[in-house]
S.K.: 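I'd like to ask you about the structure that follows.
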Amino acid sequence: MMRVGLNLVCGRKHLKETSQSVYLARLLIGALTFGPLCDWIGRKATILVQLLLFAILGMAAAFVPGFELYRALRFAVATAVIGYNFSSVTLLAEWVGPWWRTRAVVLAQCTFSMGQMALAGLTHGVQSWRLFQTAGAAPVSLFLYFWALPETARWLPTRGRVEEAKQPIQRVASVNKRKLSPELLSQMVPEKTGPMGNALDLFRHPQLRTVTLILFYVCIPDSLEYFGLGLKVGDFGLDIYLQLIFREVEVLTRYSSIFLMERLGLKWSQLGTLVLGGVMCITIIFVPADVPVVGTVMALVGKVVTAAGFTISYVYSAELFPTVIRQTGMGLVGIFSRIGGILTPLVILLGEYHTALPMLIYGSLPIGAGLLCALLPETRGQTLKDTIDDLEQESCPQ
């Protein structure tokens, strides 16, 4: 048992819970650290650093003698986890063409839900927390084949490395058995228009500022509703382990969001999922306490819709931010998403003043965020923007 192994008993038993808070807080630092790093040294190098940190420090956490060192290692692992989450989405978005980009990113997100399902099963088969920690971190070493993955040909020209960008393009053309004319390659030139991009540029330019602020706000209620519904399952009168069912349904939901985005576009898909999820939460308030099954079903629908909204936001953010600042923007969006998760337990405490308050908040905030999405431009089927000027020159959304 972890409590005994790390002496988390008696006056120290609260430290186990604080380790989870430390983990969540470090997700913020991971998003803030690896976002700019990815835009600076590239997607491939950043992903390799993240995988190495995850594999080495995750394994090391299984052999620590004390809780303080364990918490420090959890700190580092959490930064790598959230960093990889966004870096992998950015790399996929920049390599895949407009019509396949959505499917590639969504399928990658599905693997996260599948991993969480496998983790739930692992807890029943492995009783020792040290073996559990080892089993969870060891497979990461298998993914170090990422060293063979080429850097994105979209990021390299923004750093003036055009010749390096031509090599992976030629390799991709060869694998796909497509002819690539020298004239087409000669059209590749270093991106010199506009600033290279930093966090402050997200607020200096009108169109980019609008996109950034709306995405910041969207992520807070989306995360708040997602985690809030998960934590409130037990309050509906049924077993808390229904969360495992939620996780299983999430995989199908994330995959189905592909068809939603391809049919409706990303803007209206994001708007629809936020509004529908909010409506479900508000409707739960009026469900009588003697019919808990109805409340649970509505919570399931709300969480499923919110999970789809989460997936859509990953794709949408990657397509809205220009290449020179894409990872920095997505990292900051991730920070606001984690803020929503951290606020969730505090919102639940408001139920002590009125039982309807948490669900009212979970419902009203996403509806407001969804309506704001109407101000964002549509990106379905469009080429990614490379520079800030490319985004600023785009016409205002209709």
Side-chain angles (χ1 to χ4, degrees), residues 102 106-107 109-110 112-114 116-117 120 218-316 337 340-341 343-345 347-348 350-351 355-374:
T102 297
V106 170
L107 289 176
Q109 291 300 303
C110 286
F112 281 94
S113 293
M114 293 173 65
Q116 290 171 322
M117 289 169 55
V218 164
C219 284
I220 293 178
D222 200 11
S223 178
L224 193 67
E225 181 184 10
Y226 178 83
F227 291 109
L229 286 174
L231 293 174
K232 290 285 287 182
V233 173
D235 293 345
F236 297 128
L238 296 178
D239 202 305
I240 191 67
Y241 288 102
L242 280 174
Q243 292 184 67
L244 183 58
I245 298 177
F246 283 180
R247 192 67 67 187
E248 293 172 352
V249 174
E250 273 185 30
V251 177
L252 297 176
T253 302
R254 291 180 187 275
Y255 184 77
S256 64
S257 67
I258 295 174
F259 306 100
L260 192 65
M261 288 183 275
E262 290 181 346
R263 291 296 182 90
L264 302 179
L266 281 84
K267 177 170 73 172
W268 297 109
S269 297
Q270 185 76 86
L271 187 156
T273 53
L274 285 166
V275 172
L276 180 57
V279 169
M280 287 295 103
C281 288
I282 292 177
T283 307
I284 288 173
I285 297 174
F286 303 99
V287 176
D290 57 348
V291 283
V293 175
V294 176
T296 302
V297 170
M298 298 188 73
L300 175 61
V301 173
K303 196 165 190 291
V304 161
V305 169
T306 307
F310 247 129
T311 304
I312 294 168
S313 67
Y314 273 100
V315 182
Y316 205 13
S337 176
L343 290 176
T344 301
V347 174
I348 292 178
L350 295 177
T355 55
L357 272 179
M359 281 300 163
L360 183 62
I361 294 174
Y362 295 152
S364 58
L365 292 182
I367 291 175
L371 296 178
L372 281 177
C373 289

S.K.: For a quick test of reading the model, state the closest non-hydrogen atom pair linking Cys373 to Val218 and the distance between them.
M.R.: SG-CG2, 3.7 Å

S.K.: Without swapping roles, check the side chain of Thr355 against the backbone of Gly351 for a donor-acceptor pair under 3.5 Å.
M.R.: no

S.K.: Quick check for you: to the nearest 0.5 Å, what is the distance between Met261 atom CE and Leu266 atom CG?
M.R.: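 With rounding to 0.5 Å, CE (Met261) is 5.5 Å from CG (Leu266).
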
S.K.: Mind running side-chain contact (heavy atoms from CB on, under 4.5 Å) on Tyr362 and Ile348 for me, showing each step along the way?
M.R.: CA-CA 10 Å; Tyr362 295 152; Ile348 292 178; 3.2 Å; yes

S.K.: I need the Met359 CE to Phe286 CZ distance, nearest 0.5 Å.
M.R.: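 Here the rounded value is 13.0 Å.
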
S.K.: With a 4.5 Å cut-off on side-chain heavy atoms, are Asp222 and Pro366 touching?
M.R.: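 Not touching, per the 4.5 Å side-chain cut-off.
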
S.K.: Once rounded to the nearest 0.5 Å, what's the spacing between atom OG1 of Thr344 and atom CG of Leu224?
M.R.: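 The OG1 atom of Thr344 sits 4.5 Å away from the CG atom of Leu224.
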
S.K.: With a 4.5 Å cut-off on side-chain heavy atoms, are Phe310 and Ser223 touching?
M.R.: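 Yes, their side chains come closer than 4.5 Å.
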
S.K.: What pairs of donor and acceptor atoms, side-chain ones from residues 271-282 against any protein atom, are under 3.5 angstrom apart with sequence neighbours left out?
M.R.:
residue : atom : partner : partner atom : Å
Thr273  : OG1  : Ser269  : O            : 3.0
Thr273  : OG1  : Gln270  : O            : 3.0

S.K.: State, with a plain yes or no, whether a side-chain heavy atom of Val305 is found less than 4.5 Å away from one of Thr253.
M.R.: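 Val305 vs Thr253: side chains apart.
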
S.K.: Would you name the heavy atoms of Ile367 and Gly363 that are closest together and state the gap between them?
M.R.: CG1-O, 3.2 Å

S.K.: Output the distance between atom CG (Leu360) and atom CD1 (Ile284), rounded to the nearest 0.5 Å.
M.R.: 12.5 Å

S.K.: Kindly indicate whether a cation-pi arrangement holds for Lys267 with Tyr316, taking the cut-offs as under 6.0 Å to the six-membered ring centre and within 45° of the axis.
M.R.: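 Judged by the rule (NZ or CZ under 6.0 Å from the ring centre, within 45° of its axis), Lys267 is not positioned above Tyr316.
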
S.K.: Taking all atoms of both residues into account, what is the closest heavy-atom pair of Lys303 and Tyr226, and its distance?
M.R.: CE-O, 3.5 Å

S.K.: Could you check if a side-chain atom of Leu365 sits within less than 4.5 angstrom of a side-chain atom of Glu225, using non-hydrogen atoms only?
M.R.: no

S.K.: Carefully, step by step, assess Ile312 and Leu260 under the rule side-chain contact (heavy atoms from CB on, under 4.5 Å).
M.R.: CA-CA 9 Å; Ile312 294 168; Leu260 192 65; 4.1 Å; yes

